[in-house]
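Since this is a predicted model, take the numbers as computed values, not measurements. The basis for the numbers below is simple: all heavy atoms, side chains too, and nothing from hydrogens, waters or symmetry mates. Letters A, B, ... mirror the listed sequences (proteins, then strands); counts begin at 1.
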Amino acid sequence: MIRKRTGKTKANGVSTYHSIWQTVLLIPKGKVATYGQIAELSRLPRQPRLAGYALHNIPNGMEIPWHRVINARGKISLQNESGKRQRKLLEKEGVKFSNDRIELEQFGWQRSPAKRKKSRQM
DNA sequence: ACTGTGACTTTCA
DNA sequence: ATGAAAGCCACAG
């Protein structure tokens with residue numbers, strides 16, 4: 001059946017959610033990305049919540065590696081069984097947990113460990 | 001149109 | 001190191 005047109009087609013031709021989902025799909029296996037990163041890559045800077053919101057609204061049947069998305073602290077945001085499931089999935093992908101925490105320096109997607117130039121000016 | 005909410009992030013104590 | 005509060009903006013009712 002036809003779903004409500006939640007996805008507002010933007011000028012790009014794709015809804016914001018779709019962008020986020022697509023971005024999540026780009027996450028390589030064995031790596032994890034933060035919501036903020038997803039948002040940024042989805043052309044939604046400063047909108048990490050939308051990433052989470054979009055993930056929460058993943059349609060049934062759509063295969064999205066939502067488990068590869070974690071918060072900036074390198075931890076799982078979910079707290080219910082979903083969180084446990086996420087951790088399990090990540091471990092299965094090869095992500096190591098250090099005391100319920102993931103080393104973004106090591107498993108962070110597109111995140112240089114330390115050699116990155118000072119792109120961040122302040 | 002307005003208000004509330006949010007699978008977040010960053011900053012301050 | 002941890003904990004709380006503010007900030008941020010799109011989506012949903």
Atom pairs and distances, donor-acceptor, side-chain atoms in residues 83-93 of chain A, under 3.5 Å, two or more places apart:
unit_1: A:Gln86; atom_1: NE2; unit_2: A:His67; atom_2: O; d: 3.0
unit_1: A:Gln86; atom_1: NE2; unit_2: A:Val69; atom_2: O; d: 2.8
unit_1: A:Arg87; atom_1: NE; unit_2: A:Glu91; atom_2: OE2; d: 3.4
unit_1: A:Arg87; atom_1: NH1; unit_2: A:Asp100; atom_2: OD1; d: 2.2
unit_1: A:Glu93; atom_1: OE1; unit_2: A:Gly30; atom_2: N; d: 3.4
unit_1: A:Glu93; atom_1: OE1; unit_2: A:Arg68; atom_2: NE; d: 2.9
unit_1: A:Glu93; atom_1: OE1; unit_2: A:Arg68; atom_2: NH2; d: 3.1
unit_1: A:Glu93; atom_1: OE2; unit_2: A:Arg68; atom_2: NH2; d: 3.3

Between [atom1] on residue [X] and [atom2] on residue [Y], distance to nearest 0.5 Å:
{"X": "A:Ile64", "Y": "A:Thr23", "atom1": "CD1", "atom2": "OG1", "result": "10.0 Å"}
{"X": "A:Leu55", "Y": "A:Trp21", "atom1": "CG", "atom2": "CH2", "result": "9.0 Å"}
{"X": "A:Leu104", "Y": "A:Gln37", "atom1": "CG", "atom2": "CD", "result": "8.5 Å"}
{"X": "A:Arg73", "Y": "A:Ile102", "atom1": "CZ", "atom2": "CD1", "result": "13.0 Å"}

Of the non-hydrogen atoms in [X] and [Y], which two are nearest, and what is the gap between them?
{"X": "A:Pro65", "Y": "A:Leu25", "answer": "CD-CD2, 3.6 Å"}
{"X": "A:Ala33", "Y": "A:Trp109", "answer": "CB-CE3, 3.8 Å"}
{"X": "A:Ala51", "Y": "A:Ala39", "answer": "CB-N, 4.5 Å"}

Please report, rounded to the nearest Å, how far the P atom of B:dT9 is from the CG atom of A:Leu44.
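Whole-Å distance recorded here is 14 Å.
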I need the CZ-P distance between A:Arg46 and C:dC11, as an integer number of Å.
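Nearest whole value for this atom pair: 18 Å.
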What protein N or O atoms touch nucleotides 5-7 of chain B N or O atoms at under 3.5 angstrom, if any, and at what distances?
unit_1: B:dG6; atom_1: N7; unit_2: A:Arg49; atom_2: NH1; d: 3.4
unit_1: B:dG6; atom_1: O6; unit_2: A:Arg49; atom_2: NH1; d: 3.0
unit_1: B:dG6; atom_1: N1; unit_2: A:Arg49; atom_2: NH1; d: 3.1
unit_1: B:dA7; atom_1: N7; unit_2: A:His56; atom_2: N; d: 3.3
unit_1: B:dA7; atom_1: N3; unit_2: A:Tyr35; atom_2: OH; d: 3.1

Would you tabulate the nitrogen or oxygen pairs shorter than 3.5 Å linking the protein to nucleotides 2-5 of chain C?
none

